[in-house]
Amino acid sequence: MQLPPQLLDILRKASRVTVLTGAGISADSGIPTFRDPQHGLWSRFRPEDLANAEAFKRDPALVWGWYEWRREAVRAAEPNPAHLALATLEHRVPGFTLITQNVDGLHARAGSRKLVELHGNIMRNKCFAEGTVVEQGVDDGEPPPKCPRCGGPLRPDVVWFGEALDEQHMATADKAARECELFLVIGTSAAVMPAAHFPRVALQSGAVLVEINRDETPLSAVSHAVLRGPAALVLPHLLNTAWPGN
Ligand code: BV8
């Protein structure tokens, strides 16, 4: 894919770059996105119907089982060239912030450090009642495992629908959106708030918005440029063309 010269010039000159990723960047690692129909056993549920506290209170074993199924996919997955390209880009631009909606931890495994995991991390658990992270739960034969302190059920350390995001994460993401010259939005359907708000904050703050997605999204029409294709192909090409290593 040929990048228009004026876009290339903007990319090369940007000293502060902010990135927002969604499930699409992990699709090439074999992790199902939310828009893909859930596979097999889970095909009769919508993520929004399981990723919330009410569903967990109603049927903790069902919701826990769904997360265990997703954790299997995460354990079997490796960071793909898109994750690796962003981990490299972090070292090639002076100011860089990666905001991810993903809970699969693949950006951290790829080496990204200037990273905000806006929706938490599926590989961590916390006590449902206390909200504190628990390394090792107590298995009493009835999933989910229990908190060693209060005996209550554990839950994954992710942000569910209807739950507030971490204030520090929000402040970091908001600052990175307001202060960047270039905002890359990658592999997200831009349907979930407040995450989908940040590309628009960047636009309103005068940044150039570039979308990298396999399909059309509500952000396509307001982006300055759209690079249509799988992130695992587009991002390494973009990195080597706009930010070649020395
Ligand atoms: C909040 C963690 C307020 C969990 C996630 C009614 C009641 C309550 C809340 C609301 C409501 N109405 C609206 C809301 C707000 C709600 C919301 O936005 N709902 C949506 C459904 C309308 N938001 C919330 O509830 C948030 N909290 O508002 O709190 C509050 C304030 C104070 C006090 C109390 C409360 C919390 C939102 C966080 C939810 N948690 N994840 C878990 O994972 O189990 S969201 C989850 O879904 C993901 O993290 C992600 O954010 C989202 C999925 O979106 P994407 O990542 O974009 O994935 P998707 O599959 O949709 O798209 C993939 C894209 O990639 C597609 O475009 C596809 O074309 C593309 N693609 C595919 N393959 C490739 C590709 N692109 C490139 N390459 C490829 N190979």
Side-chain angles (χ1 to χ4, degrees), residues 1 19-39 42 45-56 62-74 77 79-86 98-107 115-126 131 144 155-167 169-170 173 184-200 210-221 223 226-238:
M1 150 217 354
V19 180
L20 173 70
T21 61
I25 200 168
S26 295
D28 296 307
S29 296
I31 296 183
T33 69
F34 287 75
R35 292 260 154 327
D36 294 338
Q38 295 289 317
H39 299 262
W42 303 102
F45 297 99
R46 287 183 327 137
E48 292 89 299
D49 298 336
L50 291 173
N52 68 67
E54 292 65 39
F56 184 79
L62 171 75
V63 174
W64 181 264
W66 181 54
Y67 279 93
E68 285 297 281
W69 173 71
R70 288 173 62 192
R71 286 190 246 244
E72 279 309 301
V74 169
N80 67 58
H83 297 106
L84 297 169
L86 290 180
L98 171 54
I99 307 162
T100 189
Q101 300 172 84
N102 299 340
V103 296
D104 56 34
L106 289 182
H107 284 303
L115 171 66
V116 180
E117 290 185 320
L118 218 42
H119 293 158
N121 189 311
I122 198 171
M123 302 313 279
R124 254 192 336 259
N125 290 315
K126 65 182 182 182
R155 56 165 282 182
D157 187 11
V158 297
V159 179
W160 277 336
F161 288 100
E163 293 186 328
L165 279 67
D166 175 273
E167 280 175 18
H169 289 163
M170 285 293 288
L184 305 179
V185 55
I186 305 168
T188 181
S189 60
V192 170
M193 291 298 173
H197 181 57
F198 293 119
R200 295 182 188 278
V210 177
E211 178 180 63
I212 295 156
N213 199 306
R214 191 194 58 189
D215 307 315
E216 185 91 8
T217 77
L219 292 174
S220 304
S223 294
V226 172
L227 305 178
R228 189 68 70 225
L233 289 182
V234 172
L235 269 173
H237 175 71
L238 191 66

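Basis for what follows: all heavy atoms, side chains included, without hydrogens, waters or symmetry-related copies. Every number for a ligand or one of its atoms is a count from 1 in the order of the listing.
Residue Phe161 places no N or O, backbone or side chain, under 3.5 Å from any N or O of ligand 1. Close N/O approach between Val158 and ligand 1 is not found [any backbone or side-chain N/O within under 3.5 Å]. Considering backbone and side-chain atoms alike, Ala23 places an N or O below 3.5 Å from some N or O of ligand 1. Looking at Trp66 next to ligand 1, no N or O pair under 3.5 Å apart turns up. At least one N or O atom of Val159, backbone or side chain, sits closer than 3.5 Å to an N or O atom of ligand 1. Among the atoms of Glu163, some N or O lies under 3.5 angstrom from an N or O of ligand 1. Not one N or O of Gly22 is nearer than 3.5 Å to an N or O of ligand 1, by distance alone. Inclusion of Pro230 in the set of residues having an N or O under 3.5 Å from an N or O of ligand 1 is not warranted.
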Review point. What do the steps show when you test Leu98 against Val116 for side chain to side chain contact (heavy atoms under 4.5 Å, CB included), and what is the final call?
Key: CA-CA 6 Å; Leu98 171 54; Val116 180; over 6 Å; no
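Atom 10 (C) of ligand 1 lies below 4.0 Å from none of the non-hydrogen atoms of the protein.
Of all atoms in ligand 1, numbered sequentially from 1 with element shown, those under 4.0 Å from a heavy atom of Tyr67 are 4 (C), 42 (C), 44 (O).
Contact annotation for Arg70 and ligand 1: only side-chain heavy atoms (C-beta onward) come within less than 4.0 Å of the ligand. Only the side chain of Asp28 comes within 4.0 Å of ligand 1, judged by heavy-atom distances. Here Ala191 has backbone heavy atoms under 4.0 Å from ligand 1, and that is the only part of it that gets that close. At a 4.0 Å heavy-atom cut-off, ligand 1 touches Ala164 through backbone and side chain alike.
Electrostatic pairing of Arg155 and Glu163 counts as a salt bridge here, judged by a charged N lying under 4.0 Å from a carboxylate O.
Remark: minimum distance from atom 79 (C) of ligand 1 to any protein heavy atom is reached at Gly24 O, 3.3 Å.
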